[in-house]
There are 2 protein chains.
Amino acid sequence: MTPKAHFAEKLRLAGLRPTRQRVAIAALLLDGRHRHVTADSLTEEITTAGLHVSGGTVYNTLNQFTEAGLLRRVMVHNDYSLFDTNTDHHHHFYEAENDQLVDIPHDGVILAQLPAAPDGHEIKAVDVVIHIQSKNP
Amino acid sequence: MTPKAHFAEKLRLAGLRPTRQRVAIAALLLDGRHRHVTADSLTEEITTAGLHVSGGTVYNTLNQFTEAGLLRRVMVHNDYSLFDTNTDHHHHFYEAENDQLVDIPHDGVILAQLPAAPDGHEIKAVDVVIHIQSKNP
DNA sequence: AAGGCTCTTTAGAATGATTTTAAACTAGAT
DNA sequence: ATCTAGTTTAAAATCATTCTAAAGAGCCTT
Ligand SMILES: [Mn+2]
Ligand SMILES: [Mn+2]
Ligand SMILES: [Zn+2]
Ligand SMILES: [Zn+2]
């Protein structure tokens with residue numbers, strides 16, 4: 001199976017029509033590597049790959065992929081959106097100083113006790129962000 | 001001690017000159033009640049109190065109070081900033097559906113294990129956000 | 001109490017990430 | 001090949017937040 005067909009199939013399974021733009025972005029983001037991207041960094045990657053996708057479509061695609069569960073949005077600041085290519089359950093270190101986000105191995109955080117969700121609600125996800133700063137000794 | 005003097009003193013201790021605007025905002029936000037505000041909701045409160053503070057100053061003051069440790073910023077989305085008048089260590093439920101943020105009692109979440117911070121870094125804060133959604137049975 | 005220095009506030013303009021628009025395009029079905 | 005609904009596009013609009021530079025106000029010194 002050609003790589004293009006592979007990602008097209010992945011998009012179909014996610015309920016997204018495999019357009020040229022979506023397949024190109026899927027090939028960049030859904031190849032199994034775990035990383036964190038912004039609309040801007042993704043646009044750079046696209047350009048480096050010799051392609052072009054309009055700004056609006058980059059945003060739309062990131063939102064659609066997230067909605068479809070192919071990406072995950074990470075909330076650490078509100079300057080711009082961060083997307084995580086790792087949709088498995090895991091947590092993050094965040095260093096505000098240089099806006100650096102680092103994955104924490106899945107078993108690095110153990111939640112021994114969680115509160116019950118408020119009446120009529122259920123827990124959808126638990127996000128742990130450990131804010132760190134460089135030690136100044 | 002008059003309430004105004006009380007908040008002025010609090011601001012001085014935080015290293016902030018107690019201007020009319022800062023004292024007014026401190027009286028609204030630093031009275032011991034635990035709640036979550038936005039620049040917008042705070043501006044409404046100020047107006048309701050029959051006062052006026054310019055938009056820029058509302059933003060500046062929220063940022064300065066946060067920097068001074070009198071408020072805490074909560075990160076649950078990147079539509080706009082949320083500020084918490086409770087600076088004690090506690091966590092949150094967040095219901096994206098209607099953008100509702102609810103405090104979790106300090107002992108509601110127990111972290112049995114935390115990873116070591118990366119070399120040369122130390123942990124500054126641990127934020128736990130439990131995303132919830134209404135059960136539809 | 002007045003003067004002066006510095007910090008602060010102000011209205012308005014600027015910024016910048018993101019969304020919206022309406023027209024041109026295309027994937028997929030017939 | 002044709003049709004249609006969904007998609008992409010460049011450009012404009014949105015909107016929370018920051019910046020500007022001029023006017024105002026704490027606060028320290030006389
Ligand atoms: Mn609270
Ligand atoms: Mn913005
Ligand atoms: Zn991650
Ligand atoms: Zn809170």
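Residue numbering restarts at 1 for every chain, and letters A, B, ... go by the order of the sequence lines. Treat the numbers as computed from the prediction; the structure is a model and nothing was measured.
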Do any side-chain nitrogens or oxygens of B/Arg17 fall under 4.0 Å of OP1 or OP2 in D/dC27? no
Could you state the atom-to-atom distance from CG of A/Leu62 to P of D/dT8 in whole Å? 12 Å
For the side chain of B/His6 and the backbone of B/Lys4, is there at least one donor-acceptor N/O pair under 3.5 Å apart? no
Partner of A/Asp84 by side chain to side chain donor-acceptor pair (under 3.5 Å), out of A/Arg72, A/His34, A/His36, A/Arg35: A/His36
Side-chain heavy atoms nearer than 4.5 Å, only ILVMFWY residues, links allowed to pass through others: does that put B/Leu70 and B/Tyr59 together? no
Tell me whether the side-chain N/O atoms of B/Ser81 come closer than 4.0 Å to OP1 or OP2 in D/dA16. no
For A/Thr57, answer base if it contacts any base atom (sugar-phosphate contacts may also be present), sugar-phosphate if it contacts only those atoms, and nothing otherwise; contact means non-hydrogen atoms under 4.0 Å. base
Quick one: is D/dA10 close enough that its OP1 or OP2 comes under 4.0 Å of any side-chain N or O from A/His52? yes
Please give, in whole Å, the distance from D/dT9 P to A/Asn60 CG? 10 Å
Reading DNA chain D 5' to 3', what string of ( ), [ ], | and . shows its pairs, if Watson-Crick and G-U wobble pairs count only when both distances fall under 3.5 Å? ||||||||||||||||||||||||||||||
Measure CG/B/Leu11 against C1'/D/dA25 and give the value in whole Å, please. 15 Å
Name the nucleic acid region contacted by B/Tyr59, choosing base, sugar-phosphate or nothing; use a 4.0 angstrom heavy-atom cut-off, strictly under. base
Contact nearer the 5' end of DNA chain D, comparing A/Gln21 with B/Arg20: A/Gln21
Whether the B/Tyr94 and A/Asp127 side chains hold a donor-acceptor pair (N or O, under 3.5 Å, no angle test) is what I'd like checked. no
Check every strand shown and say whether B/Asp79 touches a base, only sugar-phosphate, or nothing at a heavy-atom separation below 4.0 Å. sugar-phosphate
Quick check: on DNA chain D, is the nucleotide nearest B/Pro18 upstream (toward 5') of the one nearest A/Gly15, or the reverse? Name the residue that is more 5'. A/Gly15
Can you confirm whether B/Glu67 is buried at CD, in the sense that more than 12 heavy atoms of other residues, nucleotides or ligands lie under 6.0 Å from that atom? no
Tell me what B/Thr38 touches on the nucleic acid: a base, only sugar-phosphate, or nothing, going by heavy atoms under 4.0 Å. nothing
Below 4.5 Å, heavy atoms only, C-beta onward: do B/Glu45 and B/Val37 meet side chain to side chain? yes
